Asks: 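First, the structure itself, so that you have it in front of you.
A note on names: the letters A, B, ... follow the listed sequences, proteins ahead of strands, and every chain is numbered from 1. Model, not experiment: these values are computed from the prediction.
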Amino acid sequence: MDKTFQPATIETRWYQEWEDSGYFAPQGGDRAYSIMIPPPNVTGSLHMGHGFQEAIMDALIRYHRMLGYNTLWQVGTDHAGIATQMVVERQLEAEGIDRHDLGREKFVEKVWEWKEQSGGTITRQLRRLGSSLDWSRERFTMDPGLSLAVQEVFIRLYREGLIYRGQRLVNWDPVLHTAISDLEVLSQEEKGHLWHFHYPLAGGEGHLTVATTRPETMLGDTAVAVHPEDERYAHLIGRTVSLPLCDREIPVIADDYVDREFGTGCVKITPAHDFNDYEMGKRHGLPMINILDDNAAINANAPAPYRGLDRFEARQRIVADLESMGLLEKVEDHTLKVPRGDRSGVVIEPYLTNQWYVDARELAKPAIAAVEDGDIRFVPKQWENTYFAWMRDIQDWCISRQLWWGHRIPAWYDDDGNFYVGESEAAVREEHGLGDETSLRQDEDVLDTWFSSALWTFSTLGWPEETEELATFHPSSVLVTGFDIIFFWVARMIMMTLHFRREVPFHTVYVHGLVRDGEGQKMSKSKGNVIDPIDLIDGIDLEGLIAKRTAGMMQPQLAEKIEGSTRRQFPEGINAYGTDALRFTYYSLASTGRDIKFDIGRIEGYRNFCNKIWNAARYVLMNCENEDCGSEGEALQLSLADRWIESKLQETCADVARAVENYRFDLASQALYEFIWNEYCDWYLELSKPVLWDENASVEEKRGTRRTLITVLETWLRLLHPFMPFITEEVWQTVAPLAGKSGPTIMLQPYPLARDKAVDNAANADIEWLKGVIVGIRNIRGEMGIPPGKKLTVLLGNGDARDKMRLEQNAPFLEKLAKLAAIKWLGEGEEAPVAATALVGELEILVPMAGLIDKDAELARLSREVEKLEKDLTRIRGKLGNASFVDKAPADVVAKEREKMQAQQQALEKLQEQEQRIRQL
RNA sequence: AGGACUAUAGCUCAGUUGGUUAGAGCGCUACCUUGACAUGGUAGAGGUCCCCAGUUCGAAUCUGGGUAGUCCUACCA
């Protein structure tokens, strides 16, 4: 074995082996456990957040697989309609091709080509992370099977009246030329202006003044509204104003939506270009004048001078024209929320179009009940509130998108504007008795990607067929996801699955935090602070990292800034840490918080942990290979240390199981780290040396220690495997035979379960004593500057029978671990030399000072100890002196305090005596 | 505007139903190449648990108020 752990050499080898051997597929068993992967975008690549999520799912999957569950981790990707279409459009653009020139069919072909080409990135990354996904069942939302499910769902919902077509205001992206859902619009505060315009009264006697942030929409105004109780304008209600620049008169209406305090208290109403105005327009039966085209340029409904102008050009023109007419009263600076498309980043226009909608209100009812009734639970529970808040105020879901890439809507139109929904044109003709004389054309639009994602848990298992997989693995066990898509995906999956399966999609939703960079910033391409998890595994040099972060940017002008910050943050690039270290880092960060700051320092610590594991195994193998390890059941004698480490192992098994059940991977990783490093390596391996290296130790003793070394190691390798799959497999292969275990892989070995009976309290207490004595001596050594190599003679005084027994049984351990020449037991009445002292309970550890210890240094050390004790004692005395504490606190708490006080007092006296003696020297 | 979450060591974070000497990792200081490991070992320093009030014998923990930060939802043209 190498002296240091080299992850690169083993990881891909083992993954290949596992995959080729079919270990990732369900293995049978009475109880099923399944997780459906949140499908990543097929043309994207995994970022740190994905890596985190996959690591958690893989730990759950490996854990349950080892527990003997029939385990399925369903893999797949989604087609990411808008994102993918944009990427391909940009590629074509670079070649000077417009997709409209290419035509729909050819364009979609290009997208499939791109999908084939780039789709491997994600799956490669997933494999590098060690994800034990069942690749044989890989699915894609545009697969024939899943597409069939999408069509089926659409048709059935339509027939049930839960999908309808309607003309509504939608969020229109004028660059992507599609409607998008409310969730895809991000509103952010931006600086803008509030323009005050005069609208002349129709009678010619004066004007009223409206305030607006979007002057261009005035071309579509069909009313001015005031508050019904606003005395300033009461006399104007029912009259008309003449709309400047347009040859129209519009009414002044009263509506209590108007806020009297804002602006002038008069609101121009543009029902076709504003959501609130739209509602008001409907209330008052106002005409709706659409003044924009698909590009958000002014259309032919507007006065001639403005036609064809872009909306922002039109704005400038209109303001200028009104000003020249003397109708501009003033312009104020104003901060407003500007809606932008989450993909395109352009300002979204409310726009009147025909779209398809899902009646979400109806579907939401059972979905709310499922969480209320506990059929689905969120972890952490607080997310249920978020879910409820959104679901109880849910809006109908606009599902049509004016794209070419996606599931085409199964609806056909005739020339008279009738439409028919069905599985094909033939089916529609048949059903509605439409002959060849009627020409039909299919709806041009496709469905929102989330529409197909919402079916993910059951469409991947073969629905609408009632497959065996559906029966076995649905509902799935748990959904692992980030809170950012609770609305987008989680809620919609619950609605759709309950409707079509009459069962929940999953029993638990584990909501994890979002991975951020070291400064707490969200990782994003445009900020240039993303880290590819693979770069943490394999490492990357500085120039490579910069190149990666600045490639293919939407805003190339940011490249310089990104290069600078990258150079500052990673002057040496990124080291290679290996998959196991990366995964363990993820687990250690997976607490209940919402933000996960990824600190590069942590991963280095866990890389070192891997190395520790590696070397611990080396030590064990060096001492056990070709040696008698008692694997045939020969007689063996266990030392105190053997019994203790076995006991600690059981406690660790219990801790890990509890942590995983509660989705506290941070606690699981901590328990493992603590046990492996601080107990097994720091103490147990050291305690094994006095036995193995003692020529006088019996065969049974050596055998007992070897047996314990190897079996405890073998057990914790299995315990650790779901978290660090590679190193555990590599080490287990050589360790297992020595422990009498066999099998082709650790991944299919049984997971260690805690045996309560194996917890050995006596051994725990004895080892605590042993540690106490050793640490006491080391402490004196350290603080007195006694060279570590210098062997000491130590005296033990004031001990009781138990101390004596412990000493007798453990003297060799003490001598080895504390580097002692000799230990002398001080009988009652025996005079002790002047010595530096440490206490373990009442037992005094004495390190004679002659020639070793500086008087002043020891006095200083003692006075520090004394001070600490005195401070503590004052606190306890105060507590016990308080009558109400003694009266009201539970008896055992009081007793505990009393005991503590006594012990502290005794210790204090001892140290003070000691101080006296030394001072008199 | 409404709501949620967070505040503990220099940094990143644990801290179960109130009773601990408030912990870990990283970083820091000193010493050490001892026969698994310098990606290591040993010892050590470092905290007004954001502030104020309350409940309680007792509060990092519970309640109320405040401050700071993050986020979500809805928005005033």
Asks: Please determine if A/Lys612 forms a cation-pi arrangement with A/Tyr606, meaning its NZ or CZ atom is less than 6.0 Å from the six-membered ring centre and no more than 45° off the ring axis.
Replies: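 Output no; distance or angle outside limits.
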Asks: Measure from NZ or CZ of A/Arg594 to the centre of the six-membered ring of A/Phe483 and say whether it is under 6.0 Å with the direction within 45° of the ring axis.
Replies: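 So A/Arg594 does make the cation-pi contact.
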Asks: Does the B/C37 base have a donor-acceptor partner in the side chain of A/Lys3 within less than 3.5 Å?
Replies: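 Not at all, since no donor on one side and acceptor on the other fall under 3.5 Å apart.
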Asks: Mind checking the C1' distance from B/G35 to B/G40? Whole angstroms is fine.
Replies: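 Those two atoms are separated by 15 Å.
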Asks: When you measure from the centre of the six-membered ring of A/Phe388, is the NZ or CZ of A/Arg392 closer than 6.0 Å and no more than 45° off the axis?
Replies: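 Flagged: A/Arg392 positioned over aromatic ring of A/Phe388.
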Asks: Using the criterion of both pairing distances under 3.5 Å for Watson-Crick and G-U wobble pairs, give all stems of 3 or more consecutive pairs involving RNA chain B.
Replies: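 Stems for RNA chain B, defined as runs of 3 or more consecutive pairs: B:1-7 with B:67-73, B:10-13 with B:23-26, B:28-32 with B:40-44, B:50-54 with B:62-66.
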Asks: So which nucleotide from B/U34, B/C71, B/A77 ends up closest to the side chain of A/Arg516?
Replies: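 Among the listed nucleotides, the one closest to the side chain of A/Arg516 is B/C71.
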Asks: Using a 4.0 Å heavy-atom cut-off, write out nucleotides 4-18 of chain B from 5' to 3' as B (base contacted by protein), S (sugar-phosphate only) or - (no contact).
Replies: BS------BSSS---
Asks: Here's a test for you: under ring pair (Phe, Tyr, Trp, His ring centres under 6.0 Å), which of A/Tyr673, A/Phe609, A/Tyr587, A/Trp716 qualifies with A/Phe723?
Replies: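 Single pass found, and it is A/Tyr587.
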Asks: Of the nucleotides B/C75, B/A77, B/G35, which one has an atom closest to the side chain of A/Lys337?
Replies: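 Of B/C75, B/A77, B/G35, B/C75 is nearest to the side chain of A/Lys337.
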Asks: Provide the distance between the two C1' atoms, one in B/A53 and one in B/G41, to the nearest whole Å.
Replies: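 Those two atoms are separated by 50 Å.
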Asks: As a test of reading the structure: which of B/A43, B/U39, B/G41 is closest to the side chain of A/Trp677, going by heavy atoms?
Replies: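 My answer, after comparing the listed nucleotides, is B/G41.
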Asks: OP1 or OP2 of B/G41 sitting under 4.0 Å from any side-chain N/O of A/Lys612?
Replies: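 True: A/Lys612 side-chain N/O within range (under 4.0 Å) of B/G41 OP1/OP2.
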Asks: Please give the distance between the P atoms of B/C37 and B/G19 as a whole number of Å.
Replies: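 To the nearest whole Å, 44 Å.
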Asks: Quick one: which of B/A36, B/A77, B/A43 gets closest to the side chain of A/Ala616?
Replies: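 Taking heavy atoms from C-beta onward, the closest nucleotide is B/A36.
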Asks: Can you measure A/Lys791 atom NZ to B/U34 atom C1' for me and round it to whole angstrom units?
Replies: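 Distance, rounded to whole Å: 10 Å.
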Asks: Taking the side chain as every heavy atom from C-beta outward, state whether A/Val773 and A/Leu814 have any pair of such atoms under 4.5 Å apart.
Replies: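 Side-chain contact under 4.5 Å: yes.
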Asks: Got a salt bridge between A/Arg283 and A/Asp255, using NZ or NE/NH1/NH2 to carboxylate O under 4.0 Å?
Replies: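 A salt bridge is present here (some side-chain N lies under 4.0 Å from a carboxylate O).
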Asks: Could you check which of B/A77, B/C57, B/A36 has an atom nearest any side-chain atom of A/Glu686?
Replies: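 Selected nucleotide (nearest to the side chain): B/A36.
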Asks: Specify the separation, in whole Å, of atom CG of A/Leu792 and atom P of B/U42.
Replies: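 Spelled out: CG on A/Leu792 to P on B/U42 is 17 Å.
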Asks: Please figure out whether A/Tyr673 or A/Val258 has its closest RNA chain B nucleotide nearer the 5' end.
Replies: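 Upstream on the strand: A/Tyr673.
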Asks: Could you check whether atom CG of A/Asp892 has more than 12 heavy atoms from other residues, nucleotides or ligands sitting under 6.0 Å from it?
Replies: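 Yes - once you tally the heavy atoms of other residues, nucleotides and ligands closer than 6.0 Å, there are more than 12.
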Asks: Quote, to the nearest angstrom, the C1' distance that separates B/G58 from B/A14.
Replies: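 These two C1' atoms come out 24 Å apart once rounded.
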Asks: Distance alone, cut at 3.5 Å: any donor-acceptor contact between the side chains of A/Gln6 and A/Thr9?
Replies: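 Note: A/Gln6 and A/Thr9 side chains miss the donor-acceptor criterion.
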Asks: Do A/Glu783 side-chain and B/A30 base share a donor-acceptor contact under 3.5 Å?
Replies: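 It does not, because no donor-acceptor pair links the side chain of A/Glu783 to the base of B/A30 below 3.5 Å.
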Asks: With the side chain counted from C-beta on, respond yes when A/Ser588 and A/Asp666 share a heavy-atom pair under 4.5 Å apart, and no when they do not.
Replies: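 Counting from C-beta outward, A/Ser588 and A/Asp666 never come under 4.5 Å.
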Asks: Given that A/Trp693 and A/Phe487 both sit by RNA chain B, which one's nearest nucleotide is further toward the 5' end?
Replies: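 On the 5' side of the pair lies A/Trp693.
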Asks: I'd like to know if A/Glu686 and A/Lys816 make a salt bridge, using a cut-off of under 4.0 Å between side-chain N and carboxylate O.
Replies: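 Salt bridge absent between A/Glu686 and A/Lys816.
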Asks: Which nucleotide, B/U21, B/G40, B/A43, lies nearest any side-chain atom of A/Lys900?
Replies: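 Nearest to the side-chain atoms of A/Lys900, counting from C-beta on, is B/U21.
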Asks: Taking the C1' atom in each of B/A9 and B/G66, what is the distance between them to the nearest angstrom?
Replies: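 After rounding to an integer number of Å, I get 26 Å for this pair.
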Asks: For residues A/Phe275 and A/Asn171, determine if any side-chain heavy atom of one lies less than 4.5 Å from a side-chain heavy atom of the other.
Replies: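 Heavy-atom side-chain distance check passes, below 4.5 Å.
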Asks: Determine the interatomic distance between C1' on B/A7 and the same-named atom on B/C13; round to the nearest Å.
Replies: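 That atom pair is separated by 12 Å.
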Asks: Taking side chain as C-beta onward, heavy atoms only, is A/Arg781 less than 4.5 Å from A/Lys790?
Replies: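 Counting from C-beta outward, A/Arg781 and A/Lys790 do come under 4.5 Å.
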Asks: With distance as the sole criterion, is a donor-acceptor pair present between the side chains of A/Glu332 and A/His193 under 3.5 Å?
Replies: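 On atom types as modelled, these side chains do not qualify, holding no pair under 3.5 Å.
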Asks: Do NZ/NE/NH1/NH2 and the carboxylate oxygens of A/Asp655 and A/Arg658 come within less than 4.0 Å?
Replies: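 Yes, charged N to carboxylate O under 4.0 Å.
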Asks: For residues 862-869 of chain A, tabulate all N or O donor-acceptor pairs below 3.5 Å that involve a side-chain atom, not counting sequence neighbours.
Replies:
residue: A/Ser863; atom: OG; partner: A/Ala860; partner atom: O; Å: 3.1
residue: A/Arg864; atom: NH2; partner: A/Glu783; partner atom: OE1; Å: 2.4

Asks: Of all the choices, B/G19, B/A77, B/C37, which nucleotide is nearest to the side chain of A/Pro890 once you look at every atom?
Replies: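 Closest nucleotide among those given: B/G19.
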Asks: On a whole-Å scale, what distance lies between the C1' atoms belonging to B/U61 and B/U55?
Replies: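 Between the two C1' atoms, the distance is 14 Å.
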Asks: Can you tell me the distance, in whole Å, between the NZ atom of A/Lys790 and the C1' atom of B/C32?
Replies: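 After rounding, the gap between these two atoms is 16 Å.
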Asks: Does A/Asp682 reach a base, just sugar-phosphate, or nothing at all? Heavy atoms under 4.0 Å.
Replies: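 Counting heavy atoms under 4.0 Å across all strands, the contact made by A/Asp682 is with sugar-phosphate only.
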Asks: Can you tell me if A/Asn608 touches the phosphate of B/G40, counting only side-chain N or O atoms and a distance under 4.0 Å to OP1 or OP2?
Replies: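 Yes, because at least one side-chain N or O of A/Asn608 sits under 4.0 Å from OP1 or OP2 of B/G40.
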Asks: Determine: side-chain N/O of A/Asn779 to OP1/OP2 of B/G44, distance under 4.0 Å, yes or no.
Replies: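 For A/Asn779, the contact criterion (side-chain N or O under 4.0 Å from OP1 or OP2 of B/G44) is met.
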Asks: Run the side chain to side chain contact (heavy atoms under 4.5 Å, CB included) test against A/Val258 and tell me which residues pass, sequence neighbours left out.
Replies: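 For A/Val258, the residues satisfying side chain to side chain contact (heavy atoms under 4.5 Å, CB included) (neighbours in sequence not counted) are A/Ala225, A/His227, A/Val267.
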Asks: In the structure I gave you, are the side-chain heavy atoms of A/Glu625 and A/Leu738 within less than 4.5 Å of one another anywhere?
Replies: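 Yes, at least one pair of side-chain atoms sits under 4.5 Å.
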Asks: What distance, rounded to whole Å, do you find between the two C1' atoms, one in B/C31 and one in B/A22?
Replies: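 About 29 Å, rounded to a whole number of Å.
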Asks: With respect to the side chain of A/Lys896, which nucleotide from B/G41, B/A43, B/G19 is positioned closest?
Replies: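 Nearest to the side-chain atoms of A/Lys896, counting from C-beta on, is B/G19.
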Asks: Identify, residue by residue, the members of residues 863-875 of chain A with a heavy atom below 4.0 Å from RNA chain B, and return them in order of residue number, or none.
Replies: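 Nucleic-acid contacts, sorted: A/Asp872, A/Arg875.
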Asks: Is there a side-chain polar atom (N or O) of A/His196 under 4.0 Å from OP1 or OP2 of B/A77?
Replies: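 Answer no for this pair, as no side-chain N or O of A/His196 is under 4.0 Å from OP1 or OP2.
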Asks: Tabulated below should be each protein N or O lying under 3.5 Å from an N or O of nucleotides 62-64 of chain B; please produce it.
Replies:
none

Asks: Given the structure, check if the side chain of A/Arg607 and the base of B/U39 hold any donor-acceptor pair shorter than 3.5 Å.
Replies: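 Answer is yes: a donor-acceptor pair is held.
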